[in-house]
Amino acid sequence: MEKVFVAQKVANKLFTTEAAVDGALVEAAELMSVMLAARKDVNASLVFADDVQVKLMEAMKALSDARSAMVGVHNELNEAKLRLGIRTKMGYENKMEAPETTRVVMRDVG
C-alpha cells in the first residue's frame with residue numbers, strides 16, 4: 001500500500017481519537033454543571049457530595065492531560081509524515097476558522 005494512503009488511515013484514526021477525548025471532556029464538564037445545579041435544586045449543603053466533585057475534577061484533569069498528550073501525538077505524527085516524504089495535506093482537520101465579518105447597516109426608522 002502506498003505511504004500516503006497508510007498515512008491517511010492513521011490521520012483519520014488520530015482525528016477520531018482527538019474528537020473522542022474532546023467529547024469526553026465536554027461530557028464531564030456538563031456532568032459537573034448538572035451536579036452543581038442538582039445540589040442547589042435539592043437545597044443540599046455546600047459540603048454535600050464534595051468528595052464526588054473532587055473525584056470528577058480529578059477525572060477532568062486526567063482528560064485534560066490526555067488531550068495535551070494527543071496534541072503531542074498529533075505533532076509527532078506530523079513530523080513522521082514529513083520524514084516519510086509525504087508532503088501533501090490530506091483529509092479534513094477540524095480547525096477553527098475565522099468567522100466571516102458581516103457589515104451591519106443602520107437605517108433611520110422614525
Side-chain angles (χ1 to χ4, degrees):
M1 187 179 281
E2 287 192 45
K3 289 188 286 188
V4 70
F5 294 116
V6 173
Q8 184 60 56
K9 184 177 175 182
V10 172
N12 289 341
K13 188 52 74 174
L14 172 66
F15 301 149
T16 301
T17 304
E18 289 171 338
V21 172
D22 277 351
L25 195 51
V26 167
E27 291 295 327
E30 290 175 357
L31 175 58
M32 178 64 78
S33 176
V34 168
M35 284 174 34
L36 293 174
R39 186 197 52 80
K40 188 176 178 183
D41 289 346
V42 297
N43 290 327
S45 164
L46 188 62
V47 297
F48 178 78
D50 184 61
D51 55 335
V52 175
Q53 180 181 336
V54 169
K55 290 288 185 192
L56 182 54
M57 289 303 296
E58 290 172 2
M60 290 174 70
K61 170 72 169 103
L63 288 168
S64 179
D65 291 344
R67 187 180 189 285
S68 294
M70 289 308 302
V71 168
V73 168
H74 190 118
N75 292 335
E76 291 293 324
L77 286 175
N78 191 49
E79 288 297 317
K81 176 187 78 165
L82 295 175
R83 282 194 310 265
L84 287 172
I86 302 169
R87 302 277 182 233
T88 60
K89 181 174 180 177
M90 292 187 61
Y92 172 75
E93 281 190 64
N94 188 10
K95 292 188 177 181
M96 293 182 64
E97 297 177 13
E100 292 183 25
T101 57
T102 56
R103 185 174 155 199
V104 178
V105 178
M106 305 283 286
R107 54 189 174 121
D108 190 13
V109 209

Practice item. Would you please name every residue forming a side-chain contact (heavy atoms from CB on, under 4.5 Å) with Val6, sequence neighbours left out? Key: Met1
Revision key, fill the gap. So side-chain hydrogen bond (donor to acceptor under 3.5 Å, both in side chains) across residues 46-71, not counting sequence neighbours, yields Asp22-Arg67, Lys61-Asp65
Practice item. Rounded to the nearest 0.5 Å, what's the gap from CE on Met70 to CG on Leu77? Could you check? Key: 8.0 Å
Exercise for review: Kindly write out the residues that satisfy salt bridge (Lys or Arg N to Asp or Glu O under 4.0 Å) with Lys9, not counting sequence neighbours, or none if the list is empty.
Suggested key: none
Practice item. Check whether Leu46 and Val42 end up in the same hydrophobic cluster, where Ile, Leu, Val, Met, Phe, Trp and Tyr are linked by side-chain heavy atoms less than 4.5 Å apart. Key: no
Exercise for review: Kindly work out whether a path of hydrophobic side-chain contacts (I/L/V/M/F/W/Y, heavy atoms less than 4.5 Å apart) joins Phe48 to Val52.
Suggested key: no
Check your understanding: Do Glu79 and Asn75 meet the criterion of a side-chain donor-acceptor pair at a distance under 3.5 Å?
Key -> no
Review point. Would a distance-only check, ignoring hydrogens and angles, find a side-chain to backbone donor-acceptor pair under 3.5 Å from Lys3 to Gly85?
Key: no
Let me check something: any side-chain donor-acceptor pairs from residues 24-39 under 3.5 Å, sequence neighbours excluded? List them with distances.
unit_1, atom_1, unit_2, atom_2, d
Arg39, NH1, Ala44, O, 3.1

Check your understanding: Is Val71 reachable from Leu63 through a run of hydrophobic residues whose side-chain heavy atoms are each under 4.5 Å from the next?
Key -> no
